[in-house]
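These notes are about the structure you will find just below.
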2 protein chains.
Amino acid sequence: MTSDLSPPFRPVEVDRTSPVPLYFQVATRLQELIEKGEIGVGARIENEVDLAERLGVSRPTTRRAIQYLVERGMLVRKRGVGTQVVHPKVRRPVELSSLYDDLVAGDRSPRTEVLELRTMPAPDPIAAALEVAPGTEVTWIERLRYAGGEPLALMHNAIPVDVLRLTRDDLAAHGLYELLRRSGLTPRIATQVIGARSATAAEARTLDEKRGASLLTMTRTAWDAGGRALEYGSHVYRASRYSFELNLSAG
Amino acid sequence: MTSDLSPPFRPVEVDRTSPVPLYFQVATRLQELIEKGEIGVGARIENEVDLAERLGVSRPTTRRAIQYLVERGMLVRKRGVGTQVVHPKVRRPVELSSLYDDLVAGDRSPRTEVLELRTMPAPDPIAAALEVAPGTEVTWIERLRYAGGEPLALMHNAIPVDVLRLTRDDLAAHGLYELLRRSGLTPRIATQVIGARSATAAEARTLDEKRGASLLTMTRTAWDAGGRALEYGSHVYRASRYSFELNLSAG
DNA sequence: ATCATCAGTTTGTCATGACAAAGTATTGAC
DNA sequence: GTCAATACTTTGTCATGACAAACTGATGAT
């Protein structure tokens, strides 16, 4: 029935002198083979035991490599059946990146205008969102983001001052998440709410839209691995120029 | 410095006769302790080796349980330091559920009106989204979803006929994802695009909004674990009544 | 007093071995 | 021929043992 028994694809050799973990080497190699189509969608890969033996690694190591790709949506395992390729490229769960990074990646030449930058005690709703004490000092930022010469988004952020200090120049030249990461602060968890509403007169003017035009709204709070709140953001995007793309995967 | 050395919290006994895997029993028990606050945020839990010994399970099993909670954002591990509680409840990555389920869970008494239900060859854009051959027969559904007596969303779906056959009654009484699951079809992977635009006159009339009101739009394609396309959806929501909430976690 | 060095703690990686559970394919009885 | 029982394949779970790497804190030299 399943004629596509794994062809003897090229040996995946591992480098035991490398500091890269073996399971990761195996996973990366498999991912390459799949992305290049050398193992086609629907094809079954070799069973764990044989694969492990052929690579000269243990079965747990092989399992861990396969598991890694299963979690990324490339492979599917069924007990008693085998492991099958279901998608030729990684489906990332959801990116936790900033708009700026996305625009750079998409070659849309972003530019940032810093409209406001000051420190102030956090208003209650923002303190609540950040899960910090009311009145905690935060840096309040208002930015206008351009892409391809056109205004795209109006962004408001609050960052606790003891998390990061920011300058106008930094913000004009880099995305907020890049600045965070550069300071060793890695956002790991975030909650977002995405909605829509009509533009106010002032927003329409700033964003070069007609009054009452539809805007996408996004509010987000991001935490680092230690559970410390890094950033609260409340942004509006021109719906005519922007939308959110998400890849979901459910266990 | 860290005075909060793990108190000798109650023994977590495992049941080896249970069909539930040991690692999952341990993970669940730890999760309970954390959710109930018996292990507070910031506290360090026992190290893997001791914990394993005390529970009478192996270290890999303990590691797997802890890893499970780390991936869910409750715990953080640092080599040479230990494992710390960073959040008292699970942060789910993103749910892959239907609007209907969400409304039921939120006690907002959903109701569904089936406006249209017929089979037809998939138009090219929809066939492309589903990654099936152009002209593949699909069931085309148009539904109006109410919540709390008010219209909330206008939903269009295409489901390949060889995936599932649907009746008006089924659709009126249940959410689409519930019907899929009941047939043994589990959505595992989806890509979504969320945007916004102004309502057309017809949409405004149907949704009881003013003409030009802002609407949230969401298009989605969902696949099962085997990579088979289950559903394409193109929905519009009243922005005044609905927004998307997401929890993200980045590796 | 300050800084480098070293030992201790804790998680990270890997190997080997074993059995269980869930599918699939084959065999055999009727 | 049909259906149930059986054998086989493959992944899932678990144990034990070992060493490496990262971080912490104490020690010692300057």
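Here the structure is a predicted model, which means the values were calculated and not measured. In what follows, chains carry the letters A, B, and so on, assigned in the order in which the sequence lines appear, proteins first and then strands, with residues in each chain numbered from 1.
Residues A:Gln25 and A:Asp15 bring no donor and acceptor atom of their side chains to less than 3.5 Å of each other.
If you take CD of A:Glu53 and C1' of C:dT16, they are 13 Å apart, rounded to a whole angstrom.
Using a 4.5 Å heavy-atom cutoff, the side chains of A:Pro121 and A:Glu137 are in contact. By the 4.5 Å heavy-atom criterion applied to side chains, B:Ile159 and B:Trp140 are not counted as neighbours.
Taking the ring centroids of A:Phe244 and B:Phe244, they lie at or beyond the 6.0 Å cut-off.
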Going 5' to 3' along nucleotides 6-14 of chain C, which nucleotides have protein heavy atoms under 4.0 Å from the base (write B), which only from the sugar-phosphate (write S), and which from neither (write -)? ---BBBBBS
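Taken to the nearest 0.5 Å, the CD1 atom of A:Ile39 stands 13.0 Å off from the CZ atom of A:Arg44.
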